[in-house]
Amino acid sequence: QKEVEQNSGPLSVPEGAIASLNCTYSDRGSQSFFWYRQYSGKSPELIMSIYSNGDKEDGRFTAQLNKASQYVSLLIRDSQPSDSATYLCAVRRSYIPTFGRGTSLIVHP
Amino acid sequence: DAMVIQNPRYQVTQFGKPVTLSCSQTLNHNVMYWYQQKSSQAPKLLFHYYDKDFNNEADTPDNFQSRRPNTSFCFLDIRSPGLGDAAMYLCATSRTGEGQPQHFGDGTRLSIL
């Protein structure tokens, strides 16, 4: 069974710090990896996608992928209180993604 | 703007009373998905359509049905809602190409009285 594991948290960081969110997956055939942000009571919002090993940067966000270790992470630099949300990792082999249960991030002033 | 629209945003129904949730898209994506999400849990895939082909997840209760009359619209029917069906229902769309992300609607929050 395909599994995507995330620490449920909450991960608490001070404003301005780097938040590091991690995700491991079991399906070695996975080819696409996504990070979604979900505010309480809202739907998931895509913030990053990554397909190749290494780092991908977009503004304050950096996604890191290591397929050999079956590990994908999301770094948020200069964390803001508005970043407080649940971050869902999604892993996809075909067009059916598997979601982790998400990590709750709290950025405190 | 191209988007995924779910209606209604909030739905209250009585125990056992059928309810229909709707989803429409202007993205012209060929895959549409329905998810159920409960508090602090991952979205759970109920079923999806690849064009007109319906694909049901093995553990989706028979109580849940879906229709996709055309590319743009998809419906989730719950024939006899139970208290355990109270959840957020998410519709998503995507293309099938490698690396294509899903685009989510705002969701419908279903409450059962």
Side-chain angles (χ1 to χ4, degrees), chain A residues 1-11 23-26 29-53 56 58 61 63 65 67 72 74 85-106, chain B residues 2-10 21 23 25 27 29-51 53-60 86-111:
Chain A
Q1 185 173 349
K2 301 173 187 176
E3 292 185 349
V4 176
E5 298 289 340
Q6 295 182 256
N7 187 326
S8 61
L11 172 66
C23 173
T24 60
Y25 59 94
S26 63
S30 300
Q31 298 176 338
S32 306
F33 306 86
F34 306 92
W35 283 99
Y36 289 85
R37 177 176 61 201
Q38 187 173 27
Y39 292 112
S40 180
K42 303 294 186 182
S43 65
E45 172 193 9
L46 179 70
I47 54 173
M48 287 287 289
S49 59
I50 188 167
Y51 316 114
S52 304
N53 281 327
K56 179 181 177 183
D58 184 0
F61 299 97
L65 175 61
K67 290 185 179 180
V72 58
L74 179 70
T86 295
Y87 290 80
L88 298 168
C89 172
V91 173
R92 181 169 146 163
R93 175 199 278 258
S94 62
Y95 59 92
I96 305 297
T98 300
F99 282 87
R101 63 183 298 172
T103 297
S104 174
L105 173 66
I106 299 172
Chain B
M3 57 177 57
V4 181
I5 300 169
Q6 291 188 244
N7 283 302
R9 291 292 310 279
Y10 302 93
L21 310 182
C23 178
Q25 57 138 339
L27 298 164
H29 287 169
N30 56 337
V31 189
M32 294 187 78
Y33 314 77
W34 278 106
Y35 289 89
Q36 179 193 66
Q37 188 179 28
K38 297 185 177 181
S39 181
S40 302
Q41 295 184 17
K44 178 182 182 297
L45 183 64
L46 296 173
F47 22 62
H48 73 275
Y49 280 91
Y50 185 131
D51 293 324
D53 293 335
F54 175 73
N55 297 271
N56 199 30
E57 292 300 298
D59 57 354
T60 298
M88 173 77 89
Y89 290 86
L90 299 165
C91 175
T93 72
S94 78
R95 299 188 193 279
T96 53
E98 183 175 332
Q100 295 296 319
Q102 289 178 309
H103 298 259
F104 285 86
D106 288 338
T108 295
R109 171 72 64 184
L110 177 65
S111 299

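Keep in mind it's a predicted model, so treat the numbers as computed, not measured. The chains referred to below are lettered A, B, ... by the order of the sequence lines, with proteins before strands, and numbering in each begins at 1.
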[atom1] of [X] to [atom2] of [Y]: how many Å apart, nearest 0.5 Å?
X      : Y      : atom1 : atom2 : value
A:K42  : B:L90  : NZ    : CG    : 12.5 Å
B:K38  : A:R101 : NZ    : CZ    : 13.5 Å
B:Q102 : A:S49  : CD    : OG    : 12.5 Å
A:Y36  : B:F104 : OH    : CZ    : 5.5 Å
B:Q37  : A:Q38  : CD    : CD    : 4.0 Å

* Region of A:F99 that comes under 4.5 Å of a non-hydrogen atom in chain B ->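 Contact with chain B is through both the backbone and side chain of A:F99.
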
* Interchain contact, A:S43 with chain B, by part (heavy-atom threshold 4.5 Å) ->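 For A:S43, heavy atoms of backbone and side chain both lie under 4.5 Å from chain B.
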
* **Heavy-atom closest contact (A:R92 atom, B:S94 atom, distance)** =>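 Looking at all heavy atoms of both residues, the closest pair is NH1-OG, 3.8 Å.
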
* **Where B:P43 and A:G100 come nearest, the two heavy atoms and their spacing** =>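 Of all heavy-atom pairs spanning B:P43 and A:G100, the closest is CD-O, 4.4 Å.
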
* Asked: Given B:H48 and A:Y95, is the side-chain contact (heavy atoms from CB on, under 4.5 Å) satisfied, shown in steps?
  -> CA-CA 10 Å; B:H48 73 275; A:Y95 59 92; 3.2 Å; yes

* May I ask you to name which of A:S104, A:P44, A:G41 has the most heavy-atom pairs under 4.5 Å with chain B? =>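 Highest number of heavy-atom pairs under 4.5 Å: A:P44.
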
* Asked: If you tally heavy-atom pairs under 4.5 Å against chain B, which of A:V4, A:I50, A:I96, A:L46 wins?
  ->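 Ranked by contacts with chain B, first place is A:I96.
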
